[in-house]
Amino acid sequence: SIVSLSSVSAIGDVITYDNAGSLEEFMRFDTPSAVYSIAWTADSTTFAYGMADGSVMMNSWSSTGISFPIMSGGHTDAVTSVDFNADETALFSGGMDGVFRAWDHTTGTLLSVSDLITTPKTPVIGTVPFIESVAGRPDSPNEVALAGNWNYIQQTVWNSPVRPGPPSLSGHTNFVFDIEWHPSGDYLASGGADGTVRLWNYSTGAQSYIDNFSHTSRVYDVAFTRNGEWLASTGQDRTVWIRPLFSPGEPALIATIPDIGSDTVINAVDISLNGDLVAIGDSHGMLRVYSIGGPTTPSGVLLREIDAHDD
């Protein structure tokens, strides 16, 4: 299921330091299969989600009675990542079947498909390539980046056979779990199974930044602040870090969560609209919200802890 959260004062309020302590569930969407990925439209009213059964669906918390198409019959395995393109004319999905698809999310019509099995990549793990993350470039509706169980990031023009396209981004020594675009579209951040967080120049393919000492194991998720000045990361070692990208300063540890049952990891991280909070979700379904503190010396303070999911 999907849980939608807001402060109790008014549904849709921007969540800040002042109201994060009042964060509560106000809506729940039951889904036919486990949800692996969520992507929001720019106005934050509608979201798409990819599921373990290979289907992609949409819903809205702000409107009722809207009939959204089900984008099914495409993926043959779990959909691990979904994202809208820049002008929201297409919805991207990628999955464990090694297939990238682009959909018309208003009709459910398949617009494009790229099979990584027939476009060979060399997996770092396993024998068949699969996709972990898809990310549409925020200032170009035609461009998308893909990452998975191979050790580089593929940038491509999804709706045109343009050659040469943007450069591939090579440097990780193991497969890549998550990629996120800088708000400007000039940079791409990545977190990988090699325990590193990296920042890449979109146009040249050069590595602009690497943090190879904060995390001690796999990095599962990365997230920019809305102004693009800071980058957060989290992963298998149960820590959350934030670092300045274009100004002096070292990575700061925001939180280390308890290890419950010796199998706890943090799967997801995101930063609030105002840049003063970081939210994380762990492998036991727990949602935590921390204040980041001052921009020069960030430090985490736990504001809210919610047992949001069963898994």
Side-chain angles (χ1 to χ4, degrees), residues 36-42 44 47-50 79-86 88 91-94 100 131-141 143-148 151-156 158 166-172 175-203 205-212 214-215 218-236 239-246 251 254 266-273 275 277-281 292:
Y36 281 7
S37 180
I38 295 177
W40 290 87
T41 54
S44 299
F47 55 92
Y49 45 101
V79 177
T80 51
S81 187
V82 292
D83 197 19
F84 290 98
N85 72 336
E88 296 182 358
L91 175 65
F92 302 141
S93 61
F100 163 81
I131 296 173
E132 289 280 3
S133 186
V134 299
R137 189 177 175 210
D139 60 343
S140 174
E143 296 181 61
V144 64
L146 309 172
N151 60 359
Y152 64 92
I153 300 162
Q154 178 186 352
Q155 300 187 99
T156 189
W158 67 271
S168 295
L169 310 177
S170 299
H172 281 283
F175 62 93
V176 181
F177 279 107
D178 188 47
I179 49 177
E180 297 288 338
W181 284 98
H182 187 270
S184 69
D186 293 334
Y187 299 93
L188 191 71
S190 60
D194 57 5
T196 66
V197 176
R198 301 172 190 250
L199 185 71
W200 309 86
N201 184 296
Y202 150 78
S203 59
Q207 190 171 268
S208 303
Y209 173 91
I210 178 172
D211 178 353
N212 57 7
S214 293
H215 291 281
R218 296 175 169 185
V219 178
Y220 287 150
D221 201 17
V222 293
F224 286 102
T225 52
R226 299 305 189 267
N227 62 12
E229 294 180 0
W230 294 77
L231 179 67
S233 60
T234 194
Q236 190 176 25
T239 65
V240 184
W241 294 81
I242 191 167
R243 57 197 55 78
L245 294 175
F246 307 107
I254 297 300
I266 305 177
N267 302 109
V269 63
D270 205 356
I271 299 175
S272 65
L273 185 65
L277 306 174
V278 61
I280 60 172
I292 295 176

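The first residue in the sequence is number 1, and the count goes up from there. Only heavy atoms go into these numbers, but all of them, side chains included; no hydrogens, no water, no symmetry mates.
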| field | CD1 on Ile254 to CD1 on Ile280, rounded to 0.5 Å | value | 10.5 Å
| query | Strictly under 6.0 Å, is that where the ring centroids of Trp158 and Phe100 end up? | reply | no
| query | Does Gln155 use its side chain to pair, donor to acceptor, with the backbone of Ala145 at less than 3.5 Å? | reply | no
| said: Set out, in order, the CA-CA distance, both residues' side-chain angles and the distance that settles side chain to side chain contact (heavy atoms under 4.5 Å, CB included) for Phe224 and Leu231, then state yes or no. | reply: CA-CA 5 Å; Phe224 286 102; Leu231 179 67; 3.9 Å; yes
| field | 4.5 Å side-chain heavy-atom contact, Asp186 and Arg137 | value | yes
| note | Here the pair of heavy atoms bringing Ala86 nearest to Pro141 is CB-N, 3.7 Å
| said: I need the Asp270 CG to Asp221 CG distance, nearest 0.5 Å. | reply: 7.5 Å
| request: Apply side chain to side chain contact (heavy atoms under 4.5 Å, CB included) to Ser214 and Val197, showing your working. | output: CA-CA 9 Å; Ser214 293; Val197 176; over 6 Å; no
| query | Should we say atom OH of Tyr36 is surrounded by more than 12 heavy atoms from elsewhere, each under 6.0 Å from it? | reply | no
| Spacing of Ile153 atom CD1 and Leu146 atom CG [to the nearest 0.5 Å] | 10.0 Å
| Do you know the tightest heavy-atom contact between Ser208 and Trp200? | OG-C, 4.1 Å
| field | Main-chain N/O of Pro183 paired to Arg226 side chain as donor or acceptor, under 3.5 Å | value | no
| query | Between Thr225 (side chain) and Gly275 (backbone), is there a donor-acceptor pair under 3.5 Å? | reply | no
| said: For the OG atom of Ser81 and the CG atom of Asp178, what is their distance to the nearest 0.5 Å? | reply: 7.5 Å
| query | Do the side chain of Ser170 and the main chain of Asn151 share a donor and acceptor less than 3.5 angstrom apart? | reply | no
| Can you tell me if Gln207 uses its side chain to pair, donor with acceptor, with the backbone of Gly171 under 3.5 Å? | no
| Criterion side chain to side chain contact (heavy atoms under 4.5 Å, CB included) on Val278 and Ile242, from CA distance to verdict | CA-CA 9 Å; Val278 61; Ile242 191 167; over 6 Å; no
| Roughly how far, to the nearest 0.5 Å, is NE2 of His172 from OG1 of Thr196? | 4.5 Å
| How far apart are the C-alpha atoms of Thr156 and Val144, what are their side-chain angles, what is the distance that settles it, and do they pass the side chain to side chain contact (heavy atoms under 4.5 Å, CB included) test? | CA-CA 6 Å; Thr156 189; Val144 64; 3.5 Å; yes
| cation_pi(Arg218, Phe177) dist<6.0 Å, angle<=45 | no
| task | Would you please classify the geometry between the His182 ring and the Tyr187 ring as parallel, tilted or perpendicular, with 30° and 60° separating the classes? | result | perpendicular
| said: Is there a side-chain contact between Pro244 and Glu229 in this structure, where contact means two heavy atoms from C-beta onward sitting under 4.5 Å apart? | reply: no
| query | Under 3.5 Å, side chain of Ser133 to main-chain N/O of Ile179, donor-acceptor pair present? | reply | yes
| request: Fit a plane to each ring of His215 and Trp241, take the angle between them on a 0 to 90° scale, and name the class: parallel (under 30°), tilted (30 to 60°) or perpendicular (over 60°). | output: perpendicular
| note | Scanning both residues in full, the closest heavy-atom pair of Pro166 with Glu143 reads CG-OE1, 3.4 Å
| query | Which atom names give the shortest non-hydrogen contact between Asn201 and Leu169, and what distance separates them? | reply | O-CD2, 4.2 Å
| query | From Phe175 CZ over to Glu132 CD, what is the distance, rounded to the nearest 0.5 angstrom? | reply | 6.0 Å
| field | Heavy-atom closest pair, residues Arg243 and Ser233 | value | NH2-OG, 3.0 Å
| field | Atom of Val134, atom of Asp83 and distance for their closest heavy-atom approach | value | O-CB, 3.8 Å
| message | Between Ser37 and Tyr49 (side chain of the first, backbone of the second, donor and acceptor by atom type, cut-off under 3.5 Å), is there such a pair? | response | no
